[in-house]
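Beneath this line is the structure, given in structure tokens, with notes to follow.
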Amino acid sequence: MIDRTHGVIDATDETFAAEVEQAAGLTVVDFHATWCGPCRLVGPIIDQLAQAHAGRVRVVKVDVDESPITARRYGIRSIPSVLIFRDGVPADTVVGAASRAEYERRIQRLVA
């Protein structure tokens with residue numbers, strides 16, 4: 001499901017392969033939970049990234065409580081965890097809350 005306001009895709013265990021693993025280009029995936037305080041800090045940053053990179057970078061959110069199989073598959077033990085995929089393959093990971101500048105730096109490094 002796509003949040004039309006922010007351009008963010010909500011993925012589940014059932015949709016993750018189609019939304020991320022089979023996607024070409026860069027995909028930023030935010031693994032989070034509704035009860036997680038640091039996740040609530042990162043969420044708006046992820047939304048800003050989606051708007052700033054619309055049409056160039058896919059942005060996906062995965063609730064680890066609702067999609068435990070995907071979280072386990074990618075070894076998510078701490079949240080928030082943001083994985084950046086290139087052509088469906090994990091290329092970078094940020095564990096814990098980070099600044100927008102840090103996410104931008106990592107995206108730009110993978111775009112080049």
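- Paired with L83 under the rule side-chain contact (heavy atoms from CB on, under 4.5 Å), one option of I76, V60, V20 passes, and it is I76.
- Annotation for D65 and A33: closest pair OD2-CB, 3.8 Å, computed over non-hydrogen atoms.
- Nearest heavy atoms, A98 versus I45: O-CD1, 3.6 Å.
- In plain terms, the two heavy atoms of Y103 and G96 that are nearest each other are OH-O, 3.8 Å.
- At a threshold of 4.5 Å between non-hydrogen side-chain atoms, the residues D13 and P68 count as touching.
- Between the side chain of R58 and the backbone N or O of A54 there is no donor-acceptor pair closer than 3.5 Å.
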Pair L26-I107, side-chain contact (heavy atoms from CB on, under 4.5 Å): steps then yes or no: CA-CA 8 Å; L26 286 187; I107 290 169; 4.1 Å; yes
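- Between Y74 and F85, the ring planes are perpendicular. Angles over 60° get that label, and only those under 30° would be called parallel.
- In summary, of the residues considered (D30, D10, D47), a side chain to side chain donor-acceptor pair (under 3.5 Å) with K61 occurs for D47 alone.
- Side-chain contact between R100 and L49 is present, with at least one heavy-atom pair separated by less than 4.5 Å.
- Put simply, the side chain of R86 never gets that close to the backbone of G25: no donor and acceptor are under 3.5 Å apart.
- Using a 4.5 Å heavy-atom threshold, the side chains of T27 and V57 count as separate.
- L41 is not connected to W35 by any chain of hydrophobic side-chain contacts under 4.5 Å among Ile, Leu, Val, Met, Phe, Trp and Tyr, and they are in different clusters.
- Between R56 and A52, the shortest heavy-atom contact is NH2-O, 2.7 Å.
- What you find for P80 and A97 is that their closest heavy atoms are CG-N, 3.9 Å.
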Trace of the side-chain contact (heavy atoms from CB on, under 4.5 Å) decision for V89 with D87: CA-CA 6 Å; V89 178; D87 297 327; 5.7 Å; no
Candidate pair V64 and H32, rule side-chain contact (heavy atoms from CB on, under 4.5 Å), full reasoning: CA-CA 6 Å; V64 297; H32 68 96; over 6 Å; no
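- With respect to V82, the side-chain contact (heavy atoms from CB on, under 4.5 Å) criterion is satisfied by exactly one of I46, V59, T93, D92: I46.
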Evaluation steps, side-chain contact (heavy atoms from CB on, under 4.5 Å), between T12 and V62: CA-CA 6 Å; T12 64; V62 177; over 6 Å; no
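- Atom CZ of R77 and atom CZ of F31 lie 13.0 Å apart (nearest 0.5 Å).
- For H53 and Q48, the side-chain atoms include no donor-acceptor pair closer than 3.5 Å.
- Proximity of a side-chain donor or acceptor of T70 to a complementary backbone N or O of S67 within less than 3.5 Å is not detected.
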